[in-house]
There are 2 protein chains.
Amino acid sequence: MGHRLTDLQLRNTKCFDIKWEGRADCQLCSIRKNDIFAKLDVEEHKDILNSISQFNYPEKSLLYRQGNPAVDVYVIRSGIVKLEEVSTDGSVRIVRLLLPSNAVGIETLLDDRQLYDQNAVVLRGASVCRIPYSVFSLLEQASPDFYQMVMKEWHRQLDAADRVIVDFSTGSVHDRVARLLVYLAEASKTRGCSEIEMLGIEDISALTSISRESISRVLASFKRNRLLEKSGPNRMRYNWDGLTSLVEQNIG
Amino acid sequence: MGHRLTDLQLRNTKCFDIKWEGRADCQLCSIRKNDIFAKLDVEEHKDILNSISQFNYPEKSLLYRQGNPAVDVYVIRSGIVKLEEVSTDGSVRIVRLLLPSNAVGIETLLDDRQLYDQNAVVLRGASVCRIPYSVFSLLEQASPDFYQMVMKEWHRQLDAADRVIVDFSTGSVHDRVARLLVYLAEASKTRGCSEIEMLGIEDISALTSISRESISRVLASFKRNRLLEKSGPNRMRYNWDGLTSLVEQNIG
DNA sequence: CGAATCTTTGAATCCTCTCAAGTCTTGTGG
DNA sequence: CCACAAGACTTGAGAGGATTCAAAGATTCG
């Protein structure tokens, strides 16, 4: 079985300093082309978007907690956020990883106000836009095809969940970790970065359902084979061809 | 690794006789209260809903194929449908199980017409409503809050996917199968039925990522302990208290 | 710098898979 | 309707992989 949360983590008594980064400037936003506001005329609706603020959440801080009333949607501008479900026995499983331009907490948008389904925890220092529910109800009235973009986000979330099933929960320990690394490498490539934002072993464990020790061993073997190389705290340089050939290998 | 599809299955050359069951009668529909049309005034929009037909798909037939253009949405009225992803190496993984009142193929509704993400295969003879895309585009115009209900369906699908991750892909072989049985038992209970609609071992395997033999062994042990008992083809009588106590046990 | 946390590594055990053979079911055609 | 073939399920034995426990090395943070 997986690892349990400590008391501290469960209560989240620790104080994180979440920095306010100012009003969001949707007009100049670099990631907007891929997010839920992609097709919105932001100039036309600037008074509605007015109430969106931008924050910086440090590593390990919580965007929201499973079971709390869903009140805000967060759009990730940078960093990595995990959605984790805590079982009755206290063990934790990550159900998806969300990356820049993903929206977190879209349960908020269901008509009968729901509770958040998971904990949303920041893995790598994240800059996010916090969007109150009111923005959505106003936009819904002002821009009737707005929900097309929200539906796309639901679709992306399903993709992310399916990825956890198909890629990170199927096959040998070796294969699962390899696929995760390729996934992270892909994400860093599209960001134009040649290094992986490495997850902690604890998180890889909650994502793949593999014991921490086994993960450490697999990573060690990848390093031995020069597929990975530590290049800083939480950063790894990767050998793209080597890694991808690993995951292609299981063809046939 | 998982089992591969046979050539026959990949090509779906076999002919299934899909029976036309007539026009859908949304007015009298017994499952509507839980599906995407829950809050729709069907009398008011009956001319739009006119083009919905009802079909009976036999076991093992395909609603649609992964990669084909998404053209119709199907609402399940009875039976069980699996969504399975076929990897490049031909192995199959079920990413979710869909039950009565779920909609299948909602990728159809994304504005840039998408391809179906998975194969949708009928596991237990299913009666479905086939809803062409046009119905949705008309409803969108006619009933502005219609997308609230569609969003709920996306949410249900995410729940189903998360369930596969948390319950069916985490923990020991024994636990995963036990949770699946409880899930099926719950579903049969809400249908007012005291027997499980049992999946084939192949499908349990694709759902849990467990080898067929191990599943057989676990089921055998449940039968020995009088938690299960065959009560017909593809049907099992279950011991609710026994099964649920199994999945609760891993508390603490 | 030292404490706490996270990661690595080893060795033994346990679990799950694989292979293989047998039994049971289902469906088809004579 | 029976017989046979194909497919699905069961069971055993053995091998291999993954987990566990334990202890030592690294890192991080105050």
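The analysis underlying the following values was restricted to heavy atoms, covering all of them including side chains, and did not include hydrogens, waters or symmetry mates. Numbers restart at 1 for each chain; the letters A, B, ... are given by sequence-line order, proteins then strands.
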### B/Ile210 CD1 to D/dC9 C1', straight-line distance once rounded to whole Å
16 Å

### Query
Using the ring of each side chain (for Trp, its six-membered ring), is B/Tyr116 parallel, tilted or perpendicular to B/Tyr64, with breaks at 30° and 60°?
parallel

### For atom CZ of B/Arg235 and atom P of C/dT25, their distance in whole Å
17 Å

### Query
Can you tell me if the side-chain N/O atoms of B/Lys223 get under 4.0 Å from OP1 or OP2 in D/dT10?
yes

### Task
Whole angstrom is fine here: how far is it from CZ in A/Arg212 over to C1' in C/dC6?
9 Å

#### Entry: Spacing of A/Lys60 atom NZ relative to C/dA4 atom C1', expressed in whole Å
11 Å

### Message
Can you say whether a donor on the side chain of A/Glu202 sits under 3.5 Å from an acceptor on the base of C/dC6, or the other way round?
### Response
no

### Query
Which is it for A/Glu197 and A/Ser188 under the side chain to side chain contact (heavy atoms under 4.5 Å, CB included) test, yes or no, and what are the steps along the way?
CA-CA 7 Å; A/Glu197 279 282 359; A/Ser188 75; over 6 Å; no

### Task
Using atom CG of B/Leu199 as one end and atom P of D/dC9 as the other, report the distance to the nearest whole Å.
10 Å

### Query
Between B/Phe222 (CZ) and D/dT11 (C1'), how many Å, whole number?
18 Å

### Query
Just how far, in rounded Å, is P of D/dT10 from CZ of B/Arg224?
11 Å

### Message
Side chains of A/Gln118 and A/Glu85: any donor to acceptor distance under 3.5 Å?
### Response
yes

### Query
Would you say a side-chain N or O of A/Ser214 is under 4.0 Å from OP1 or OP2 of D/dA18?
no

### Query
Considering heavy-atom distances to DNA chain C, does A/Arg217 or A/Asn234 have its closest nucleotide positioned more toward the 5' end?
A/Asn234

